[in-house]
Protein chains: 2
Amino acid sequence: MTMKGREVILGILQESPHTGYEINDILQTRLSHFFDATFGMIYPTLKKLEAEKLVTKQQISQTDRPNKNIYTITAAGQAVFSKAINEPTSDEILKSDFLMHLYFSQDLSTEQVALFFQEEIARKEAKIAALQSQLATWLENGMTEQRKITFDYGIAYYTATLAVLKKAAKSNQ
Amino acid sequence: MTMKGREVILGILQESPHTGYEINDILQTRLSHFFDATFGMIYPTLKKLEAEKLVTKQQISQTDRPNKNIYTITAAGQAVFSKAINEPTSDEILKSDFLMHLYFSQDLSTEQVALFFQEEIARKEAKIAALQSQLATWLENGMTEQRKITFDYGIAYYTATLAVLKKAAKSNQ
DNA sequence: TAACGCATGTAACAGGTTACATGATTTA
DNA sequence: TAAATCATGTAACCTGTTACATGCGTTA
């Protein structure tokens with residue numbers, strides 16, 4: 001079984017207590033190249049986890065900022081996470097809307113295809129820049145060797161595909 | 001809006017009429033590295049497309065094999081597809097259960113992590129082999145330059161990440 | 001005789017998305 | 001004064017997954 005939002009959130013809380021807002025931030029910065037999350041998934045999941053007693057909620061009142069809820073993992077939650085992390089990994093899933101458009105692009109104009117290339121190239125470049133700037137922040141707080149690999153994987157992926165796109169965009173002119 | 005199962009199936013039918021079984025085959029062989037489909041999605045989608053009059057169904061009775069339904073796209077279906085293919089592309093999504101496990105692998109034994117690496121390496125190698133053997137079949141029937149790029153993209157992706165995994169697996173020993 | 005290829009389908013469910021709703025403080 | 005940051009939440013919806021059900025002919 002794949003680790004879903006449920007298990008991923010437990011994994012983050014297993015390191016230290018967090019608010020939903022912070023969980024989103026971690027997901028967006030450190031794991032965004034292999035997992036995607038939205039508030040619309042995070043808050044409902046936290047609510048369910050609390051109902052299942054896998055996490056506990058501590059409400060903090062703040063005056064200058066909105067009140068917040070800090071979630072802490074329970075022993076039961078740790079057991080669920082521990083089981084999930086020990087399960088075999090399942091197949092990676094890539095969904096590329098760009099490649100889908102390219103696959104069916106016979107009827108599109110060269111200009112339209114060129115535009116799609118440009119946009120995808122810009123996205124990859126932005127992702128590389130984001131990952132690389134993230135690495136600096138990350139190294140400051142200390143980073144495990146294994147997390148460094150998830151980073152290297154992302155960079156390798158974006159770099160290799162960017163090269164293919166740039167070459168293809170050139171021959172599309 | 002991303003091209004979903006609906007639009008992808010229309011895209012395949014836009015080239016020529018097919019059965020659901022054939023659509024699955026095309027998806028599994030040519031597009032499997034950037035889209036994934038199952039019969040559980042294909043058949044219900046075809047049914048909906050028929051109800052919306054975007055495709056028509058022709059029932060073929062066979063004696064030595066199960067009967068089959070051949071679906072043909074309608075003018076309305078072509079209009080829907082044409083609109084979809086002209087829309088801007090949306091962000092690519094990668095979900096890697098392997099990277100997720102690696103990210104949270106602090107508490108796992110070195111052996112367990114090594115096993116995850118082995119399995120992921122084997123998967124990538126299998127995917128490269130599948131894509132490469134597919135290329136041969138593909139070239140025979142004639143392949144557009146653009147489809148060749150979707151292939152190159154897949155190979156580049158798998159090759160680059162495989163290298164990262166092999167290096168990391170070595171230092172994990 | 002086991003497995004694979006051909007061939008279709010449904011019902012229940014899970015999981016996540018989208019859109020909406022609120023609102024103070026700080027920074028540019 | 002516009003935008004960003006902090007901060008939470010729900011309701012409706014969409015899309016796809018999983019499991020089940022069927023069955024003949026051919027190949028290993």
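Naming: A, B, ... by sequence-line order, numbering from 1 per chain. Everything quoted here is computed from the prediction, not taken from an experiment.
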* Asked: Which heavy atom of B:Pro88 sits nearest a heavy atom of A:Asp97, and at what distance?
  -> O-OD2, 4.2 Å
* **Rounded distance in Å - CG (B:Asp97) to P (D:dT17)** => 15 Å
* Which residue, A:Ile70, A:Leu13, A:Thr72, forms the side-chain contact (heavy atoms from CB on, under 4.5 Å) with A:Val55? -> A:Leu13
* When the aromatic ring centroids of A:Tyr153 and A:Phe34 are compared, is their separation below 6.0 Å? -> no
* Provide, to the nearest angstrom, the distance between the CD1 atom belonging to A:Ile23 and the C1' atom belonging to D:dT8. => 13 Å
* What residues in residues 29-46 of chain B put a non-hydrogen atom under 4.0 Å from any atom of DNA chain D? -> B:Asp36, B:Thr38, B:Gly40, B:Met41
* To do: Could you tell me whether the phosphate oxygens of C:dT10, OP1 or OP2, come under 4.0 Å of any side-chain nitrogen or oxygen in B:Lys47?
  => yes
* Where do B:His101 and A:Ala84 come nearest, in terms of heavy atoms and distance? -> NE2-O, 3.3 Å
* Determine, using ring centers only, whether B:Phe35 and A:Tyr103 are less than 6.0 Å apart. => no
* To do: Summarise protein proximity over nucleotides 23-28 of chain D in one line of letters, 5' to 3': B for base, S for sugar-phosphate only, - for none, counting protein heavy atoms closer than 4.0 Å.
  => B-S---
* Nearest-angstrom distance from the residue atom CD of A:Glu22 to P of D:dT5 -> 15 Å
* Counting only side-chain N and O atoms of B:Asn69, is one of them less than 4.0 Å from OP1 or OP2 of C:dG9? -> yes
* Just how far is it from atom CG of A:Asp25 to atom NE2 of A:His18, taken to the nearest 0.5 Å? -> 10.0 Å
* Atom CD of B:Gln59 and atom C1' of C:dG9: how far apart are they, to the nearest Å? -> 13 Å
* **N/O (side chain, A:Gln62) to phosphate O (OP1/OP2, D:dC6) under 4.0 Å** => no
* Asked: Tell me, which of residues 82-91 of chain A have any heavy atom that sits under 4.0 Å from an atom in DNA chain C?
  -> none
* To do: Spell out, as yes or no, whether a donor-acceptor pair under 3.5 Å connects the side chain of A:Asn69 to the backbone of A:Gln58.
  => no
* Choosing from C:dA7, D:dA7, C:dG9, which nucleotide comes nearest the side chain of B:Lys57? -> C:dG9
* Asked: Can you check the A:Glu52 CD to C:dG15 P distance for me, whole Å?
  -> 10 Å
* B:Glu15: what forms a salt bridge (Lys or Arg N to Asp or Glu O under 4.0 Å) with it, not counting sequence neighbours? -> B:Arg147
* Under 30°, 30 to 60°, or over 60°: which ring-plane class applies to B:Phe151 and B:Trp138, parallel, tilted or perpendicular? -> perpendicular
* May I ask you to list the residues sharing a hydrophobic cluster with B:Met1, side-chain cutoff 4.5 Å, ordered by chain and number? => none
* Nearest whole angstrom, please: distance from the P of C:dT22 to the NZ of A:Lys68. => 24 Å
* **Qualifying residue for side-chain hydrogen bond (donor to acceptor under 3.5 Å, both in side chains) with A:Glu92, from B:Lys124, B:Arg123, B:Lys95** => B:Lys124
* Structure fact -> Whole-Å distance, A:Asp25 CG to D:dA4 P, equals 16 Å
* Structure fact -> Test side-chain contact (heavy atoms from CB on, under 4.5 Å), reference B:Met100, set A:Thr150, A:Val8, A:Thr2, A:Thr89, output is A:Val8
* Asked: Choosing from D:dG9, C:dG16, D:dT8, which nucleotide comes nearest the side chain of B:Lys95?
  -> C:dG16
* Structure fact -> From the list B:Ile121, B:Leu165, B:Leu108, side-chain contact (heavy atoms from CB on, under 4.5 Å) partner of B:Phe116 resolves to B:Leu108
* Asked: Donor-acceptor pair, B:Ser82 side chain versus B:Gln78 backbone, under 3.5 Å?
  -> no
* Nearest-angstrom distance from the residue atom CG of A:Asn24 to P of C:dT17 -> 12 Å
* Listed in order of residue number, which residues of residues 2-15 of chain B have a non-hydrogen atom at under 4.0 Å from DNA chain D? -> B:Lys4, B:Gly5
